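Shown next, in structure tokens, is the structure this report addresses.
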Amino acid sequence: MGGSADLDELLHELRHRGARVTTARRVVLAELAASSDQHPTADQLAARIQRAHPDVHLSTVYRTLEFLEGSGLVFRAGFGDGATTYHLSSDRHHHAVCDQCGAVIVLPDRAFDAVTNRLRRDHGFEAAPRHLTITGRCARCAAT
Ligand SMILES: [Zn+2]
Ligand SMILES: [Zn+2]
């Protein structure tokens, strides 16, 4: 299931990995917890964060995202149009991205169960797809 993770849990996870909880790390995680399923880009995140925290500079937001990605708390999803978006790693889901209009459909974590079951059965392979992106055409574009 998707949904927003609890901020306290994320901060706990951060400390657990031996990282300090700085203001920037806290506000970036809070913003992601609130908007994870909207797949914000770094620029969008930075703009939202700056409104409430003018003291947190753009470069800090970028550096913080890089740090959080490196520590596994944040996942970076690149979509077909070159946009790089961010969401929490704990927010498990997959993406169907339309090649034509760029629409992003969030798929449940179990969307590829039939495939992973088949891989296990036929190849003994334990697939663990995470934040998969599958491209194609959305219903609206496919209809035209
Ligand atoms: Zn996503
Ligand atoms: Zn489309």
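What's counted below: heavy atoms across the whole structure, side chains too, no hydrogens, waters or symmetry copies. In each ligand, atom 1 is the first atom listed, and ligand 1 is the first ligand listed. Position 1 is the first residue of the sequence, and the numbers go up from there. Just so it is clear, the structure is predicted and the values come from calculations on it, not from any experiment.
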Do H95 and T133 pair up side chain to side chain, a donor and an acceptor below 3.5 Å, judged on atom types alone?
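Per modelled atom types, H95 and T133 side chains form a pair under 3.5 Å.
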
Looking at CD of Q44 and CD1 of I49, how far apart are the two atoms once the value is rounded to the nearest 0.5 Å?
11.5 Å

Looking at the Zn ion (ligand 1), is one of the N, O or S atoms of H94 less than 2.8 Å from it?
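It does not; every qualifying atom lies at 2.8 Å or beyond.
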
Tell me whether the Zn ion (ligand 1) has H39 as a neighbour, meaning an N, O or S atom of it below 2.8 Å.
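So H39 does bind the Zn ion (ligand 1) by this criterion.
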
Which atom of H93 approaches the Zn ion (ligand 1) most closely (N/O/S):
NE2

Under 30°, 30 to 60°, or over 60°: which ring-plane class applies to H12 and H16, parallel, tilted or perpendicular?
parallel

On the 0 to 90° scale, with breaks at 30° and 60°, tag the H131-H87 ring pair as parallel, tilted or perpendicular.
tilted

Once rounded to 10°, what is the value of the angle centred on the Zn ion (ligand 2) between C141 SG and C98 SG?
110°

